[in-house]
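All values below come from the heavy atoms of this structure, side chains included, with hydrogens, waters and symmetry mates left out.
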Amino acid sequence: MPRISHIRRKATYLFLSYIAATTLLSVPRVYAQGRESAEVRLTRGMLLYEDKKYEEATRELLQAHQLDPRNANVVYYLALSLSAQGRNAEAEAYVRKGLEVQPKNANLRLMLAYTLRAQGKTEASRQVAESLQLEPASPLVGASRDLLTSLRTPRRGDTPFWLEATARAQYDSNVSLKPNAGSGTSGIGRASSWGDFLGLSSEYAFFRSPNWQSAARYDMYQTINYSNHKFDYSDHVVGGRLTYTDVLPSAQRYFLTFRPFYDILLQQGREFLQRPTALLDSYLYWDPTGSNRTQLFYQFEEKLFNEHPSQSRPALGHGDENRDGQNYRVGLVHYMFFDRQRYGINFGYNYDFDDTHGDNWRYAGHRAVAGFLATLPWEIRATTNFEFHARHYNGVNSKFTPFSFSPNVRRHDQEFLSLFSLAKDITPHLTVSLEHLWDSNLSSIADFRFRREVISLGVTWRYF
């Protein structure tokens, strides 16, 4: 081992000596010494950056920049290191200095677009990314297209106010979730029906800073079933959102969001449920802009399933049927993208525990998810998402025990969901889509076994 280390040191010394000698032959001596030192410090900074030692990398790269301010590679890695620490304004300043020397440098221009995007300067970032699109010979055209895709996708926080409205014509094979077999199904009307779906989502962010955002929002949906109006539903949700985001020292971005809301659900035009709910979401991302990214999340929900402050009608669910409680979810999802995000797959797992007051609804669940994305001709996006949710209810189901041959009936459900979609963006604000939903629930209790398919064709309009 000592012999090998000696050989490595000697080889490194000879290589650096060769670089220094060739440099000295071509430039004045003082500038050559500065250039050599800058290259050495750049190498150190790159190695430190790869080891995620961003503060040490920044110090080395700043010294390299002082020695050779015209070196575009130094500026590029300095901006990367600063951005990894959340210092995007400083990164932008250094990139602009580099572009004064090399205005056509595609790497620096793309880095400028990303630093602008990280600061919320969406329009400026879009303009820089679009300028790269005008140079098809540039090897960064694909990367700039990926950035433009994210810039053109409406995201919370890009603008203070956004609105999304959807109208769909649909066929639902089981609007009442009628069991495949079992009792208690008379009088609910026809199971299948043609109908319409109308939806609206809106949000206004009244406070925004680099780390904090506060917003108020309103959501609603309305279903109309032509063959069974007993299951026409209208839901109105008023709520808020408080979000904190930052970057860990290891460069992973995380989000913490608190969302209180209150919704009123109407069935056939009459009040059915009032539900105050509070959610705490937390997300941690690895490589959120690359071709491989992982999302780790934890969610806590406090819910009152049915609350009537006016006491105008008795609350649904007493004793074992009381669905008030807390829900806990933890899991991760991994995404992989190919060919400039035109194709992709995702897969993941999460565990959830519904700790309700009533034993009939308390369960521990395991959920597996998977999805596929393919961009077809004419830029049509084809997506398929699968979900398998196994729920094991903790208590003996008291509601169905008297009707069972067994004195102890424990409920176990296995739900399979599949959603297939074809979507085409007519404009950045208008999307047409065709969807097929398949939902099948297998249960140890017959009254909870059902199968449902929904086929719909609709249009979505966005303002952002």
Side-chain angles (χ1 to χ4, degrees), residues 172-188 191 231 233 263 265 267 272-280 297-307 314-333 347-370 385-419 437-454:
D172 192 331
S173 68
N174 194 353
V175 296
S176 60
L177 293 185
K178 179 180 178 180
N180 300 333
S183 60
T185 61
S186 59
I188 63 175
F231 291 90
Y233 286 105
D263 70 316
L265 181 67
Q267 182 180 13
F272 182 64
L273 293 176
Q274 292 189 33
R275 296 180 291 194
T277 307
L279 283 169
L280 178 64
F297 67 89
Y298 170 78
Q299 181 185 84
F300 170 75
E301 177 184 12
E302 177 74 31
K303 55 185 178 179
L304 293 178
F305 183 75
N306 189 34
E307 183 75 8
L316 296 177
H318 297 279
D320 291 341
E321 289 294 300
N322 189 345
R323 297 177 68 172
D324 297 351
Q326 299 82 37
N327 181 268
Y328 307 84
R329 289 181 63 187
V330 62
L332 59 85
V333 181
F347 49 88
Y349 163 83
N350 66 78
Y351 169 84
D352 68 319
F353 175 58
D354 212 37
D355 188 15
T356 60
H357 296 170
D359 288 344
N360 287 351
W361 293 95
R362 186 182 300 121
Y363 73 80
H366 302 272
R367 182 185 277 110
V369 297
N385 289 281
F386 301 97
E387 179 177 312
F388 169 72
H389 194 192
R391 298 182 292 271
H392 304 281
Y393 292 81
N394 297 353
V396 173
N397 195 292
S398 59
K399 182 177 180 180
F400 290 93
T401 297
F403 307 102
S404 174
F405 293 107
S406 171
N408 296 317
V409 178
R410 292 186 178 272
R411 180 181 171 188
H412 303 284
D413 285 15
Q414 293 183 343
E415 188 170 11
F416 301 83
L417 294 104
S418 172
L419 176 62
L437 170 69
W438 182 77
D439 185 1
S440 177
N441 190 65
L442 306 178
S443 178
S444 57
I445 298 177
D447 281 45
F448 293 112
R449 298 174 198 157
F450 67 86
R451 186 177 296 108
R452 182 188 185 197
E453 290 185 75
V454 182

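- A donor-acceptor distance shorter than 3.5 angstrom exists from the side chain of Thr356 to the backbone of Arg362, with no hydrogens or angles considered.
- Considering CD of Glu453 and OG of Ser440, their distance stands at 9.5 Å, rounded to 0.5 Å.
- With rounding to the nearest 0.5 angstrom, the CG atom of Leu417 is 8.5 Å from the CG atom of Asn441.
- Between Phe353 and Asn394, some side-chain heavy-atom pair lies under the 4.5 Å cut-off.
- To the nearest 0.5 Å, the span separating CG on Asp355 from CH2 on Trp361 amounts to 15.5 Å.
- Here the closest non-hydrogen pair linking Ser418 and Phe386 is OG-CE2, 3.5 Å.
- Using bins of under 30°, 30° to 60° and over 60° for the plane-to-plane angle, the ring pair His389/Tyr363 lands in the perpendicular bin.
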| Evaluation steps, side chain to side chain donor-acceptor pair (under 3.5 Å), between His366 and Tyr351 | CA-CA 5 Å; His366 302 272; Tyr351 169 84; over 6 Å; no
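- Nearest approach of Arg451 to Ser173, heavy atoms of both residues: O-OG, 4.5 Å.
- Only one option out of Asn327, Thr277, Asp354 pairs with Lys303 in a side-chain hydrogen bond (donor to acceptor under 3.5 Å, both in side chains); it is Asp354.
- In this structure, Arg411 forms a cation-pi arrangement with Phe448, its terminal cationic atom sitting closer than 6.0 Å to the ring centre and no more than 45° off the ring axis.
- Classification of Asp439 and Arg452 as a salt-bridged pair fails, no side-chain N sitting under 4.0 Å from a carboxylate O.
- Of the listed residues (Asn385, Val454, Asp172), just one forms a side-chain contact (heavy atoms from CB on, under 4.5 Å) with Leu437, and that residue is Val454.
- Counting only distance, with no hydrogens or angles, the side chain of Asn322 and the backbone of Asp324 share a donor-acceptor pair below 3.5 Å.
- Looking only at side-chain heavy atoms (C-beta outward), Phe388 and Glu415 stay at 4.5 Å or farther from each other.
- Two residues are said to be in side-chain contact when any heavy atoms from C-beta on lie closer than 4.5 Å; Gln299 and Tyr328 fail this criterion.
- Applying side-chain contact (heavy atoms from CB on, under 4.5 Å) to Val330 and the options Phe297, Phe300, Tyr298 leaves one that passes, Tyr298.
- Side-chain contact of Tyr393 with His412: a donor-acceptor pair under 3.5 Å is absent, judged by distance alone.
- Taking 4.0 Å as the cut-off between side-chain N and carboxylate O, Arg391 and Asp413 count as a salt-bridged pair.
- Counting heavy atoms from C-beta outward, Asp352 and Glu301 have side chains that stay 4.5 Å or more apart.
- In summary, Asp359 and Arg410 do not engage in a salt bridge, as defined by a charged side-chain N under 4.0 Å from a carboxylate O.
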| said: Would Arg367 and Asn350 count as a side chain to side chain donor-acceptor pair (under 3.5 Å) here? Give the steps. | reply: CA-CA 5 Å; Arg367 182 185 277 110; Asn350 66 78; 3.2 Å; yes
